[in-house]
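See structure below.
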Amino acid sequence: MPSPATAPNRPVVLIPARMASTRLPDKPLADIHGVPMIVHVWRRAMEAQIGPVYVACAEDAIKAAVEAAGGEAVLTDPDHPSGSDRIHEALGKIDPAGRFDAVVNVQGDLPTLDPHLLRRALDPLEDPEVDIATLAVEITREAERHDPNVVKAVVAFGKSGIARALYFSRATVPANAVAGEVGPHYHHIGLYAYRRVALERFVKLQPGILERREKLEQLRALENGMRIDAALVDTLPLGVDTPAELERARAMLAPKS
């Protein structure tokens, strides 16, 4: 297995997907112009051209939909508590020899995802000290600063647009204004790139105190001394969790006349 002190050069993209969704039942198979949503996500990941793409699915119906579109999928335990556990099982099945040295974890409800974001997510791993990479975008809508459903990344970005994530919260952090104006807040985008060794360590950790309090899994890594760096981007992908968001995705992906 490659050393964790080197930049990864053989990434794999894994998309965890399961049918259980309280707000949008059977979400991965939701129809978007004749194509299941999970297939749209798989296509966006393929367009990034950073490595092989697999869907880590909990049910046969998702696997069948992906394979019918020409994709690759692997069945995983439907009882996994998180997407991280799901992709870890899938990685062991598709690559027991450890050829892939990094894993990009893409949520299965991002059918309009800009493929550039997947490539950008790997950039922080150029630093050998970084265990996990993720993305953030500046908040521009005032309401989002105070919305607990919008997770904020506490990051002090410099000119490179890559910096260490100090914390993640549902609260409006950091506090106070800058030069009399509200300073930037950053919307965390839940797309991660793990060094393989970091993913293997992470899934063995117990849920942390802050993780349970904020209900944010990434805090488990920070509580255990793992380093997460974020790359700043200018696009916020649409996550589809409700029927209204599904309609927005359909409008965005409507065939051009």
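Just the heavy atoms: all of them, side chains too, but no hydrogens, waters or symmetry mates, feed the values below.
- Here CG of D147 is found 8.5 Å from CZ of R141. Values are rounded to the nearest 0.5 Å.
- Rounding to the nearest 0.5 Å places CG of L238 at 8.0 Å from CG of L110.
- Tested against H185, the residues V150, I139, V154 include a single side chain to side chain contact (heavy atoms under 4.5 Å, CB included) partner, I139.
- Using a 4.5 Å cut-off on side-chain heavy atoms (C-beta onward), Y167 and L219 make contact.
- Of the possible donor and acceptor atoms, one in the side chain of T172 sits under 3.5 Å from a partner among the backbone N and O of R145.
- Salt bridge annotation for R220-E223: absent, with no cationic side-chain nitrogen under 4.0 angstrom from a carboxylate oxygen.
- Side-chain contact between C57 and V66 is absent, with no heavy atoms from C-beta onward closer than 4.5 Å.
- Within the 4.5 Å cutoff, the side chain of T134 has no heavy atoms near those of the Q218 side chain.
- Taken from CE in M19 to NZ in K27, the straight-line distance is 12.0 Å, to the nearest 0.5 Å.
- For the residue pair I15 and G108, the shortest heavy atom distance occurs at CG2-CA, 3.6 Å.
- Closest non-hydrogen pair, V233 versus V137, comes out as O-CG2, 3.4 Å.
- There is no side-chain donor-acceptor pair under 3.5 Å between Y192 and E217.
- Using a 4.5 Å heavy-atom threshold, the side chains of N9 and D101 count as touching.
- For E59 (side chain) and P78 (main-chain N/O), no donor-acceptor pair under 3.5 Å exists by modelled atom type.
- A salt bridge between R196 and E200 is present, with a side-chain N of the basic residue lying under 4.0 Å from a carboxylate O of the acidic one.
- Taking the charged nitrogens against the carboxylate oxygens, E245 and R248 have no contact shorter than 4.0 Å, which rules out a salt bridge.
- The pair K63-D60 does not count as a salt bridge, with every side-chain nitrogen at least 4.0 angstrom from each carboxylate oxygen.
- Looking at K93, its side chain does come within 3.5 Å of a backbone N or O of L75 through a donor-acceptor pair.
- V74 approaches A90 most closely through the heavy-atom pair CG1-CB, 3.4 Å.
- Under the 30°/60° scheme for interplanar angles, the aromatic rings of Y186 and F157 are found to stand perpendicular.
- Within the 3.5 Å criterion, the main-chain N or O of I50 finds no donor-acceptor partner in the side chain of R119.
- Salt bridge status for R227 with E129: absent, with no side-chain N to carboxylate O gap under 4.0 Å.
- With salt bridges taken as basic N to acidic carboxylate O contacts below 4.0 Å, none links D131 and R201.
- Between E211 atom CD and L205 atom CG the span is 9.5 Å, to the nearest 0.5 Å.
- Distance CE/M46 to CD/E72: 8.0 Å, rounded to 0.5 Å.
- No donor-acceptor pair closer than 3.5 Å links the side chain of D109 to the backbone N or O of G239.
- Although no hydrogens or angles enter the test, the distance criterion places no donor-acceptor pair under 3.5 Å between the side chain of K152 and the main chain of H187.
- Looking at E47 and R43, no side-chain N of the basic residue comes within less than 4.0 Å of a carboxylate O on the acidic one, giving no salt bridge.
- A donor-acceptor pair under 3.5 Å links the side-chain atoms of R86 to the main chain of D77, judged by distance alone.
- For the atom pair NE2 (H88) and NZ (K204), the distance works out to 6.5 Å, reported to the nearest 0.5 Å.
- The closest donor-acceptor contact from the side chain of N224 to the backbone of M226 lies at 3.5 Å or more, if one exists at all.
- Nearest approach of I62 to L29, heavy atoms of both residues: CA-CD2, 4.2 Å.
- Side-chain contact between I94 and L14 is present, with heavy atoms from C-beta onward closer than 4.5 Å.
- With hydrogens and angles ignored, the 3.5 Å screen pairs a side-chain donor or acceptor of R250 with a backbone N or O of D31.
- I209 places a side-chain heavy atom less than 4.5 Å from the side chain of R212.
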